[in-house]
Every structure is written in C-alpha cells, then in structure tokens.
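Notes follow the structure.
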Amino acid sequence: MSATAERGYRIGEVAEQLGITTRTIRYYEEVGLLGRAPGREKGEHRLYSEGDVTRLRELIRLRDLLGLSLEELLDLAETQEARAELRDRWESGPSDAERLRIAERAIPLVERQLALVRSRQERLEEFAQQLAEKLKSLEAHRRKLRRR
C-alpha cells in the first residue's frame, strides 16, 4: 500500500469498530445510506474507506441520539450530502452572486434538519415532564408511607 493509498476495512472490522452488526451495514448500504463501492464486481468483498466508516459512525450517532426512523435517517443523510456539496462549492471561491445562490439553497436544508431536531426535543421534553410527574407522585406516596 502506498503512502497515499487509503486503508480499506472489511465489513467485520467496521462492524466491530462501530459496535454494530454486519447485517446493519449491509442494510444501510442496500437502502442507500451508505454508497455502494464503485467498480466492485458482484461477489467481491467490499473494502470500506475511512470516509465510509466516518459516515456510518455519524449515521449511528444521529439514529441513537435522535431516535430516528429509517426514513428520517435517509432524509437527514440526503440533506447532509446536499449541504456538503454546497459547502464544497462555497469553498471553491465562487463569485458573490454564486455564494448568494448557495446560501439560498442551504437555508431550507438546515431549516429541515433543525425542524427534525426540535421535534425530537419536544418529544423528549414531554417524556421528561411525564417522568418528573411520576417521580413527584412516587415521592409523595413514599412520604405518606413513611409517616404511617
């Protein structure tokens, strides 16, 4: 392997590194969350790049952190990719007019992601309130029982 060649990881190594199953990785690939390896012959073992591992790690973090459905995870991943493309275009030094177009395209993408996160926050806050009420009720019962 040359100094510039990127190390490839087999599916079992990736699964172990991320604490997921190989089935999860294959499924994410199947539904489009993880791009297919270009130029790979059918039946050939896929080698995953550092970028693939990073992408999977981020998808799993978002899935677990936000409790996303597969559909929501797909939407979020597509939005992230669109934002990354816009960011690359921005960094290539376009004109101010082009940067304005980039910003105008990026704003609804970030708004969509923010809406998803806020929706999850609201649901978590509701759940936290329910737990706080339950805790208050249990503590009141405990106080009554201790006085007896």
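As the structure is a prediction and not an experimental result, all values here were calculated from the model.
- Taking every heavy atom of both residues into account, P94 and I102 meet most closely at CG-CD1, 4.1 Å.
- In this structure, E72 contributes its side chain and S69 its backbone to a donor-acceptor pair below 3.5 Å.
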Item to check | Criterion side-chain contact (heavy atoms from CB on, under 4.5 Å) on R148 and L145, from CA distance to verdict | outcome: CA-CA 5 Å; R148 292 184 182 177; L145 291 169; 4.0 Å; yes

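- By the rule that hydrophobic residues join a cluster once side-chain heavy atoms approach within less than 4.5 Å of another member, V31 and L18 end up as members of one cluster.
- Remark: the Q113 side chain and the Q80 side chain contain an N/O donor-acceptor pair separated by less than 3.5 Å.
- Y48 and R55 share no side-chain donor-acceptor pair at under 3.5 Å.
- Neither L33 nor L109 shares a network with the other; the hydrophobic side chains, linked directly or stepwise wherever heavy atoms of I, L, V, M, F, W or Y lie under 4.5 Å apart, form separate groups for each.
- In this structure, the side chains of V14 and L56 come closer than 4.5 Å at one or more pairs of heavy atoms.
- Heavy atoms only, all atoms of each residue included: T21 and A15 are closest at C-CB, 3.9 Å.
- Checking side-chain atoms of R63 against main-chain N and O of L68 turns up no donor-acceptor pair under 3.5 Å.
- With a 6.0 Å radius and a threshold of 12 heavy atoms from other residues, nucleotides or ligands, E71 has its CD atom at or below the threshold.
- Going from atom CG of L76 over to atom CG of L62 covers 5.5 Å, rounded to the nearest 0.5 Å.
- In this structure, D88 contributes its side chain and E85 its backbone to no donor-acceptor pair below 3.5 Å.
- Residue V117 is not grouped with residue L124 when hydrophobic side chains (ILVMFWY) are merged at heavy-atom distances under 4.5 angstrom, including chains of intermediate members.
- No donor-acceptor pair closer than 3.5 Å links the side chain of R101 to the backbone N or O of D96.
- Heavy-atom contacts from other residues, nucleotides or ligands closer than 6.0 Å to CD of Q17 number more than 12.
- Here the straight-line distance linking atom CG of L100 with atom CD of E104 works out to 4.0 Å at 0.5 Å rounding.
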Item to check | Test log, rule side-chain hydrogen bond (donor to acceptor under 3.5 Å, both in side chains), inputs R83 and T79 | outcome: CA-CA 6 Å; R83 287 183 53 219; T79 304; over 6 Å; no

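- Legend: salt bridge (charged side-chain N to carboxylate O under 4.0 Å, His left out) pairs involving residues 106-119, not counting sequence neighbours, sorted by first then second residue: D75-R112.
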Next on the checklist: Working note: E29 + R46, criterion side-chain contact (heavy atoms from CB on, under 4.5 Å); need CA distance, chi angles, decisive distance, verdict.
Outcome noted: CA-CA 11 Å; E29 199 172 277; R46 172 172 179 177; 2.5 Å; yes

Checklist entry - Taking it one step at a time, do E30 and R26 satisfy side-chain contact (heavy atoms from CB on, under 4.5 Å)? => result CA-CA 6 Å; E30 187 180 310; R26 286 188 187 101; 5.8 Å; no

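- Once rounded to the nearest 0.5 Å, the distance linking OG of S119 with CG of L114 reads 11.0 Å.
- Checking side-chain atoms of R99 against main-chain N and O of W90 turns up a donor-acceptor pair under 3.5 Å.
- Taking the side chain as every heavy atom from C-beta outward, E13 and V53 never approach each other to under 4.5 Å.
- Linking ILVMFWY residues whenever their side-chain heavy atoms come closer than 4.5 Å, directly or via other members, leaves V110 and L86 in distinct clusters.
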Checklist entry - What's the verdict on side-chain contact (heavy atoms from CB on, under 4.5 Å) for Y28 and I20, showing C-alpha distance, side-chain angles and the deciding distance? => result CA-CA 11 Å; Y28 277 23; I20 58 176; over 6 Å; no

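- The CG atom of L65 sits 9.5 Å away from the CD atom of E58 when rounded to the nearest 0.5 Å.
- The distance from atom CG of L59 to atom OG1 of T54, rounded to the nearest 0.5 Å, is 11.0 Å.
- A pairwise comparison of heavy atoms in G32 and L74 identifies C-CD2, 4.2 Å as the closest pair.
- Listed by first and then second residue, the salt bridge (charged side-chain N to carboxylate O under 4.0 Å, His left out) pairs that reach into residues 122-134 come to none, sequence neighbours excluded.
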